[in-house]
Amino acid sequence: IHGNGTEPITDVYNVSELEEKYGVPVMLLSCARLEAEDIGEILKSVLYEFPIKELMIELPGWIDALKPDHYIKESVYKTVREAIEHIQKISHIESLVPMLESNEYLLNARIEDINLGSGVGTVSAEADDTLFYKVLSETTNLPISNDEELVSTLQELSKAKRNYDK
């Protein structure tokens, strides 16, 4: 924050030099022209520099249910491990979205919540529905490519189980 409102702020300070020197974001603001919105941005900027205490990454449940050595689970978990390796501050959470989406099996990654008071962030990612059916087909050796085929196959398997149990 620059206290002298008579000189142009950009003539006095070099933002990139200050950011590099101190390793934190720099905001050039004039105290004479400071508004409520500016104060909100200052607080957000400061709070985003606090350490992250907990990071939750929500993935489709069916990926978690796969065996540990399944190629999709291995790939997704490797991406998650690499993505969180350098996450130290709240501000780093935003970098997770493109990192997660770089995995061929994940899409629509987004920040669900950042609780600045507790230092907890939640990020989620989805997988394409066709991938779910592909995995079902691979693991069951049955052709399942949509909801209708899934329900039909479950009905057939249930009927076969009931007959077997008799």
Is there side-chain contact between [X] and [Y], with at least one heavy-atom pair below 4.5 Å?
X: Asn163; Y: Lys159; answer: yes
X: Ser124; Y: Ile57; answer: no
X: Leu116; Y: Leu43; answer: no
X: Ser118; Y: Asn115; answer: yes

Shortest non-hydrogen separation from [X] to [Y] and the atoms involved:
X: Glu138; Y: Asn141; value: O-OD1, 3.6 Å
X: Thr79; Y: Leu100; value: CG2-CA, 4.2 Å
X: Ala125; Y: Pro60; value: O-CD, 3.4 Å
X: Gly121; Y: Ile93; value: CA-CD1, 3.9 Å

Show me the donor-acceptor pairs within less than 3.5 Å that the side chains of residues 126-135 make with the rest of the protein, sequence neighbours left out.
from   : atom 1 : to     : atom 2 : distance (Å)
Glu126 : OE1    : Asn108 : ND2    : 3.1
Glu126 : OE2    : Arg110 : NH1    : 3.2
Glu126 : OE2    : Arg110 : NH2    : 3.2
Asp128 : OD1    : Thr130 : N      : 3.4
Asp128 : OD2    : Thr130 : OG1    : 2.9
Tyr133 : OH     : Asp147 : N      : 3.4
Tyr133 : OH     : Asp147 : OD1    : 2.0

Identify the residue among Leu96, Ile114, Thr122, Val120 that makes a side chain to side chain contact (heavy atoms under 4.5 Å, CB included) with Leu55.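 With Leu55 as partner, Leu96, Ile114, Thr122, Val120 yield a single side chain to side chain contact (heavy atoms under 4.5 Å, CB included), made by Leu96.
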If hydrophobic clusters are built from ILVMFWY residues whose side chains come within less than 4.5 Å, do [X] and [Y] share one?
X: Met99; Y: Ile84; answer: no
X: Val151; Y: Leu142; answer: no
X: Met56; Y: Val80; answer: no

Phe50 atom CZ, neighbour heavy-atom count above 12 within 6.0 Å: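 No, not enclosed.
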Checking Glu82 now: which residues fulfil side chain to side chain contact (heavy atoms under 4.5 Å, CB included) with it, not counting sequence neighbours?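 Only Lys78 meet the side chain to side chain contact (heavy atoms under 4.5 Å, CB included) criterion with Glu82.
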Donor-acceptor pair, side chain of [X] and main chain of [Y], under 3.5 angstrom:
X: Thr140; Y: Leu136; answer: yes
X: Ser137; Y: Pro143; answer: no
X: Asp64; Y: Gly61; answer: no
X: Glu19; Y: Val24; answer: no
X: Lys73; Y: Pro68; answer: no
X: Glu20; Y: Ser16; answer: no
X: Glu101; Y: Leu107; answer: no
X: Ser158; Y: Leu154; answer: no

Centre of Tyr164's six-membered ring, under 6.0 Å away, within 45 degrees of the axis: is that where NZ or CZ of Lys166 sits?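 Ring-cation test returns no.
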Nearest-0.5 Å distance, [atom1] of residue [X] to [atom2] of residue [Y]:
X: Glu58; Y: Asp113; atom1: CD; atom2: CG; result: 9.5 Å
X: Glu17; Y: Tyr22; atom1: CD; atom2: OH; result: 11.0 Å
X: Leu59; Y: Tyr77; atom1: CG; atom2: OH; result: 6.5 Å
X: Glu35; Y: Glu41; atom1: CD; atom2: CD; result: 12.0 Å

Hey, could you give me each pair passing side-chain hydrogen bond (donor to acceptor under 3.5 Å, both in side chains) that has a residue in residues 86-100? Not counting sequence neighbours.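 Qualifying pairs, neighbours excluded: Glu49-Lys89.
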In sequence, state the C-alpha distance, the side-chain angles, and the governing distance for Glu74 and Asp69, and then conclude on side-chain contact (heavy atoms from CB on, under 4.5 Å). CA-CA 6 Å; Glu74 284 181 339; Asp69 62 344; 3.8 Å; yes
